Amino acid sequence: MTDHQTCSTDLRRVDPERNMARFYLLSIQPTLFGGISLIRNWGRIGTSGQVKIETYDRPEEAHRAFRRLERVKRRRGYVDPHQVEGGNLV
């Protein structure tokens, strides 16, 4: 197994008025075959949610996709769990 840089982020979007409590997890992990995978896990807080795994040959491609997805989610209102005001996280 090669030594690729791994990273992850945990984002939440909670809006009690809209009955919204969502999570979005992104992580980059090496594969057993020398590639690198971008793993996305999302859904309602308290469930296991859905998972999508995309495999890339080059780490730069995976990191670029990671940054793009994180930027899109933050633009849509997702924040780090410790940034949520009023303790609205379940």
Side-chain angles (χ1 to χ4, degrees):
M1 181 160 65
T2 60
D3 185 28
H4 292 300
Q5 178 185 1
T6 62
C7 61
S8 65
T9 191
D10 179 9
L11 300 171
R12 307 292 165 125
R13 185 173 178 195
V14 177
D15 184 353
E17 293 176 4
R18 296 174 60 192
N19 193 28
M20 182 186 301
R22 298 178 183 168
F23 71 91
Y24 198 87
L25 304 171
L26 283 169
S27 67
I28 291 182
Q29 299 293 324
T31 67
L32 293 175
F33 305 107
I36 189 161
S37 292
L38 173 61
I39 303 165
R40 298 191 273 170
N41 180 221
W42 70 93
R44 184 165 178 83
I45 294 172
T47 68
S48 58
Q50 299 181 49
V51 176
K52 183 172 184 176
I53 301 172
E54 297 171 343
T55 303
Y56 298 89
D57 293 328
R58 298 183 359 208
E60 308 83 49
E61 295 171 343
H63 286 280
R64 190 176 317 123
F66 179 98
R67 288 189 303 270
R68 181 183 58 78
L69 287 166
E70 182 179 16
R71 192 171 46 248
V72 166
K73 291 302 173 184
R74 288 185 186 278
R75 205 177 306 141
R76 296 188 79 194
Y78 284 79
V79 296
D80 295 320
H82 62 274
Q83 292 178 338
V84 175
E85 295 178 14
N88 290 331
L89 286 179
V90 176

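Quick caveat, the model's predicted, so the values are computed rather than measured.
- There is a path of hydrophobic side-chain contacts, each under 4.5 Å, that joins Leu11 to Trp42.
- Look at Asp15 and Arg13 and you find no salt bridge, because none of the NZ, NE, NH1 or NH2 atoms lies under 4.0 Å from a carboxylate O.
- To the nearest 0.5 angstrom, His63 atom NE2 is 15.0 Å from Arg68 atom CZ.
- Of the possible polar contacts, none joining the Asp57 side chain to the Gly35 backbone as a donor-acceptor pair under 3.5 Å is found.
- Heavy atoms only, all atoms of each residue included: Ile39 and Val51 are closest at CG2-CG1, 4.2 Å.
- Shown here for Thr9 and Glu70, the closest heavy-atom pair between the two residues is OG1-OE2, 3.6 Å.
- Tracing side-chain contacts under 4.5 Å through hydrophobic residues (I, L, V, M, F, W, Y), one reaches Leu69 starting from Tyr78; they form part of the same cluster.
- Residue Ile36 comes nearest to Pro59 through the heavy atom pair CG2-CA, 3.8 Å, listed as atom of the first residue, atom of the second, then distance.
- Interatomic distance, NZ of Lys73 versus CZ of Arg22, reported as 8.0 Å (0.5 Å rounding).
- A distance-only check finds a donor-acceptor pair linking the side chain of Asn41 to the backbone of Ser48 [under 3.5 Å].
- Contact check for Pro30 versus Thr6: side-chain heavy atoms found under the 4.5 Å cut-off.
- Heavy-atom minimum distance, Arg44 versus Phe23: O-CE2, 3.3 Å.
- Atom CZ of Arg76 has 12 or fewer heavy atoms from other residues, nucleotides or ligands within 6.0 Å.
- For the atom pair Leu38 CG and Ile28 CD1, the distance stands at 5.5 Å (nearest 0.5 Å).
- Using a 4.5 Å heavy-atom cutoff, the side chains of Arg74 and Asp80 are in contact.
- Contact detail for Leu26 and Arg40: the closest heavy-atom pair is CD2-CG, 3.4 Å.
- In plain terms, the two heavy atoms of Ala65 and Tyr56 that are nearest each other are CB-OH, 3.4 Å.
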